[in-house]
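Contents: one structure, followed by commentary.
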Amino acid sequence: MNIAQIESNLQNLIKSFSKETFIYDLLLVYGLPKASITRLQKGNLNLSKSEGEISWKKKLRFQEEYSADLHLTISELAQSIKHEERFVIVTDYVLFLAIDTKTGEKLDIEIQDLPKHFDFFLPWAGMEKAQHRNENPADVKAAERMAKLFDEIKKDNPVKSEEDSHALNVFLTRLLFCFFAEDTHIFQDGQFTNAISSHTAVDGNDLRPYLESLFEVLNTASKDRKDLPAYLNAFPYVNGGLFKDSFQAPEFNRKSRQLIIDAGEMNWKDINPDIFGSMFQGVIDPEKRGSLGAHYTSVPNIMKVIEPLFLDEFKDEFEKAKHNPKKLNELLYRLSKIKIFDPACGSGNFLIIAYKELRKLEIAIIHHLQDLQKAAAGFNSKSEQLSFIPKAQLSLAASFQVELFSRIQLSQFFGIEIDDFAHEIAQLSLWLAEHQMNVEFHREFGKTSPTLPLKEAGKIVCGNACRLDWEEVCPKKEGDEIYILGNPPYLGARNQSLLQKKDLEDVFSSASGTNSLDYISAWFIKAAIYNDKNNSHAAFVSTNSIIQGEQAGILWPQILAVNNQIFFAHTSFLWNNSAKNQAAVYVVIIGIGKASVKKKKIFLGDNVKMVENISPYLTEGSNTIVGKRSKPRNGLPSLVFGNQGIDGGHLILSNEERKSLLNKNPELEKFIRPLFGAEDYMKNENRWCIWINERDKDEALAFPEIQKRVKSVENYRKGGGQVARSLVNLSYRFRYIHEAKRSTLILPRTTTERRDYLVVGFLDKKNIVTDAAQVIYDPEPFVFGLLSSKIHMIWVKATAGRLKMDIRYSNSICYNNFPFPPISDQRKQEITQCVFRILEERERHSEKTLAQLYDPDKMPEGLREAHRQNDLAIERCYRSRPFESDEERLEYLFKLYEKMIAEEKVKDSLFEKEKKGRKVKK
DNA sequence: GATCCGACAGGCG
DNA sequence: CGCCTGTCGGATC
């Protein structure tokens, strides 16, 4: 059910309704389940006992009212809500009153006007109002209308080549412009749609040539027009390149012609150029249609980029210059020298918002200058407010002539976009935004530059941002102030296409490790290099993967190496826009620019922290990054990966499966082992796996049950990726087959960061651990104490990669790099005692799962105390004076880490020298 | 809808 | 051969 459908269904309902079924039909319009509505109608679901009243839990409270005042009735009903009814409705089928109990909004209309207010009840259809406040229903409706039109046009005009597709994109863009123009006084009201409906045949046959000649007219200055019929000549000259090249318009039929007229009759004035482009983009690309606009950036998020990048600074300057007309004029000049560049501009949201914000600021400045002048002339009513300004400045103000035009040109806006249609739309949206701002300027000052003919456009290039030379797209000229921004595509290393891999290779000139980077890294590097050359600044929205785990260590040294610093950052927050299937991803916003001594800003939710330096982990502190390391330090035992199955689940048994297998063949006991992933361990769940050693292979395969399962694994692997296929002949076993000799230490790999401690434990040697956990085989007990210490958790939280926001424990980053000094046997003994105590405390609550025991809100005091003792023992290994805070612990760890790295470097270079020396002697 | 953990692919070291 | 990550995926309160 989409919005356009709801609206038209509602129109149908209102055209002819019966009082008996009206309310049920209304619910149906919003797509509520038919079965439930039938039950409601029969009375089964109706919670109300009173006659004529309906109450449906969480949905609706309804009453017909013919005698009393409807307003009185509805406010009584709304005040006595019992079943969380979302909407209260009272009607006499002439008047129609409704209250949204969640938002408090009210509707007070005549019932036939209901279709105009269809959006009031959208929460029934799962669309909250807060959502479509960002996402204007008019945009959604327009997008859905255009989708219909597009589908219909494509039926008659198959797209065979890129040229075809481009021509169609251009055509749609022009169409959009005309719709918009006729509703916003660029054309006469309804001029475009009326012309089509009165001058073309109903069957759509002559619409193509008609539109072609119309577009030509729009591209012809009036002096060059000859012998045109009046209705064509009435169209103004548009120019600006929008109608410049002639492309063939598509063919139409009766239906598609009608769809154009329908779309034209919508009110396009309410369309939001900020985001409607993203919606159309989704419409045009059928693959994206399911997730309409899922990846577009919401306006609040765009502001999070724009404000710290440049807008806040400009606003500050304005504030500071308020008494100084000379400085204000300089600021206006500065606005004319600013360049905004979005190297992944999509349909242009960032550019448009930036453009509008700058225009708004300019209006405010001009306004203020005017006020100053009026005050100087002594006839301004606001002069009292301006009385603090020295006379000399006022008379200076009087001497400046504030010219009433905008200094900000679309040609200051640059973009790169790989998608042809999006790039056309970006171009168009900028014009529309310009027109909107011109209207606003006119409202403020009674004067503005005319929108038509369109002047220079934004410089939007269609191409691959990784391959293009950014300095060619957005060249820096003397005095330019350049800001790069945007929300480039994120794509994990495993999901990139070959071409995208090549893009990264090209950008990083095959520096090591770049194959593990997210696609967005290319934008960061290119921006950093551009910044270094042009003294510009850049800020992007990005997946948080690039500031965590291994990627942090690969990417950031290269950015720092070209003299860039992070000058502001928003730490991870959940990606949020109102699209239906929005991406579940945590994002950060990072601003980089040439190194400076200015204070940097870290935004944590609504709080801002001013700091000296922002680390690549987006924390306050030095730029030290913990890279990967293949061996643990200081003689700690190796921590390894658990056993990956790649078995499609066929080697894994539930309790029941195991039982039934053993009932048939008790001999199979020897091939069945308990299996632990993180969840099994944390939540005390039992799973089992079929575990066959190579030497027992034939014996095991003699059992048909086993054979069947192995066959299933084989089939599964045949259909899998490279690794899976390489294991087809080993289908009786897991990818890895590690076992302990005596005991296993298990450490869940993916785990919530809410807990104060990592939960580790010992397992008997017969147990098998999956790759959902990490393992140390046959460890000394003190390692348990180390891993489950608070200080280790602090280190892990700082350095680990993440799954969304949850910790992803890694051995090469978290474990092998953990700074822990060599310790004496006596210390080991102490720690071991603490470990036993922790285990005892767990044992006391054996009825509870570990997940329950380690819930930070419910952790039993005994267990907590045991951990506290363990923490003390561990921390004594570092120094005798106790740590005072977690910040101190982390700082200490990083210092120690830096020291260790430095020492290793010295050792390495000595080793190298020695090697060389020996060679020379030879 | 918040919370928390799973499994596989695959390139790199 | 081991390992890290995912504009991830999904189950469960």
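Labels below follow one simple rule: chain letters A, B, ... track the order of the sequence lines, proteins then strands, and each chain is numbered from 1. As the structure is a prediction and not an experimental result, all values here were calculated from the model.
- Considering only side-chain N and O atoms, A/Thr751 lies under 4.0 angstrom from the phosphate OP1 or OP2 of B/dC5.
- For the pair A/Phe641 CZ and C/dT5 C1', the computed distance is 10 Å after rounding to whole Å.
- In this structure, A/Arg629 atom CZ and C/dC4 atom C1' are separated by 18 Å, rounded to whole Å.
- For the pairing with A/His792, the ring-ring contact (aromatic ring centres under 6.0 Å, His included) check across A/Phe784, A/Tyr809, A/Tyr757 returns one residue only, A/Tyr809.
- Among the atoms of the strands shown, base atoms are found under 4.0 Å from some heavy atom of A/Val723.
- The side chain of A/Thr752 has B/dC5 as its nearest neighbour among C/dT5, B/dC5, C/dC3.
- In the set C/dT7, C/dC4, C/dC3, the nucleotide with an atom closest to the side chain of A/Ser812 is C/dC4.
- Comparing the C1' positions of B/dC5 and C/dT5 gives an interatomic distance of 15 Å, to the nearest angstrom.
- Among the nucleotides B/dC8, B/dC5, B/dT3, the one closest to any side-chain atom of A/Thr750 is B/dC5.
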Show me the dot-bracket string of DNA chain B, counting Watson-Crick or G-U pairs under 3.5 Å, with | for pairs to another strand and [ ] for crossing ones. ||||||.||||||

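- Distances shorter than 4.0 Å separate none of the side-chain N or O atoms of A/Asn811 from OP1 or OP2 on C/dG2.
- Residue A/Arg802 has no polar side-chain atom (N or O) positioned under 4.0 Å from OP1 or OP2 of B/dC4.
- Using a cutoff of 4.0 Å between basic side-chain nitrogens and carboxylate oxygens, A/Asp506 and A/Arg467 are scored as salt-bridged.
- With distances taken from any side-chain atom of A/Ile813 to the nucleotides B/dA7, C/dT5, B/dC5, the minimum falls on C/dT5.
- Nucleic acid contact for A/Arg717: none, since no nucleic acid atom lies under 4.0 Å from a heavy atom of the residue.
- A donor-acceptor pair under 3.5 Å is absent between the side-chain atoms of A/Ser788 and the main chain of A/Val759, judged by distance alone.
- Between A/Arg754 and A/Asp855 there is a salt bridge, since a side-chain N of the basic residue sits under 4.0 Å from a carboxylate O of the acidic one.
- A/Gln496 approaches A/Leu517 most closely through the heavy-atom pair NE2-O, 3.0 Å.
- Backbone-only engagement by A/Asp647 is indicated by non-hydrogen atom pairs under 4.0 Å involving sugar-phosphate atoms exclusively.
- Among the nucleotides C/dC4, C/dT7, B/dC8, the one closest to the side chain of A/Tyr716 is B/dC8.
- Geometrically, A/Lys59 engages A/Trp56 in a cation-pi contact, judged by NZ or CZ lying under 6.0 Å from the ring centre and within 45° of the ring axis.
- Looking at residues 729-742 of chain A, you'll see A/Arg735, A/Tyr736, A/His738 sit with a heavy atom under 4.0 Å from some atom of DNA chain C.
- Taking the six-membered ring wherever Trp is involved, the centroid distance between the rings of A/Tyr586 and A/Phe573 does not fall below 6.0 Å.
- No engagement by A/Ala493 is indicated, since no non-hydrogen atom pair under 4.0 Å with the nucleic acid exists.
- When the C1' atom is used for both C/dC4 and B/dA7, the distance is 14 Å, rounded to whole Å.
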Steps toward side chain to side chain contact (heavy atoms under 4.5 Å, CB included) verdict (A/Leu653, A/Arg709): CA-CA 11 Å; A/Leu653 305 172; A/Arg709 284 184 173 267; 3.4 Å; yes

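- We find that CD of A/Glu753 is positioned 10 Å from P of B/dC4, with the value rounded to whole Å.
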Pairs: protein N or O with nucleotides 10-13 of chain C N or O, under 3.5 Å:
none

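- The shortest distance between the side-chain N/O atoms of A/Ser810 and the OP1/OP2 oxygens of C/dT5 is not below 4.0 Å.
- A/Leu639 comes within contact range of the sugar-phosphate backbone alone, with a heavy-atom separation under 4.0 Å but no base atom that close.
- A/Asp806 places its CG atom 16 Å from the C1' atom of C/dC4, with the value rounded to the nearest Å.
- Distance, A/Asp855 CG to B/dA2 P: 18 Å, rounded to whole Å.
- Of the candidate nucleotides B/dA7, B/dT3, C/dT7, B/dA7 has the atom lying nearest to any side-chain atom of A/Arg808.
- Checked against B/dA7, B/dT3, B/dC8, the side chain of A/Arg754 finds its nearest nucleotide in B/dT3.
- In this structure, CD in A/Gln774 is found 9.0 Å from OG1 in A/Thr750, a value given to the nearest 0.5 Å.
- Side-chain atoms of A/Glu550 lie closest to C/dT5 of the nucleotides B/dC5, C/dT7, C/dT5.
- Ring-centre distance between A/Tyr490 and A/Tyr519: not below the 6.0 Å cut-off.
- If you measure from atom CG of A/Leu727 to atom P of C/dG2, you get 12 Å, rounded to the nearest angstrom.
- Using a 30° and 60° split on the angle between ring planes, A/Tyr897 and A/Phe894 fall in the perpendicular class, above 60°.
- With respect to A/Lys718 and A/Glu714, a salt bridge is recorded, a charged nitrogen being found less than 4.0 Å from a carboxylate O.
- Closest to the side chain of A/Gln774, out of B/dC5, C/dC4, C/dT7, is C/dC4.
- Under the 4.0 Å criterion applied to side-chain N and carboxylate O atoms, A/Glu753 and A/Arg808 are not assigned as salt-bridge partners.
- Map A/Gly677 and A/Ala724 each onto its nearest nucleotide of DNA chain B; the residue landing nearer the 5' end is A/Gly677.
- Using a 4.0 Å heavy-atom criterion, one finds that A/Pro489 contacts the bases of the nucleic acid, with or without backbone contacts as well.
- Regarding contacts with the backbone of B/dA7, every side-chain N or O of A/Gln644 stays at 4.0 angstrom or more from both OP1 and OP2.
- One atom, NE2 of A/His650, and another, P of B/dA7, lie 13 Å apart when rounded to the nearest Å.
- Judged purely by atom type and a 3.5 angstrom limit, A/Gln852 uses its side chain to pair as donor or acceptor with the backbone of A/Thr849.
- Remark: P of C/dT5 and NZ of A/Lys501 are 14 Å apart, rounded to the nearest angstrom.
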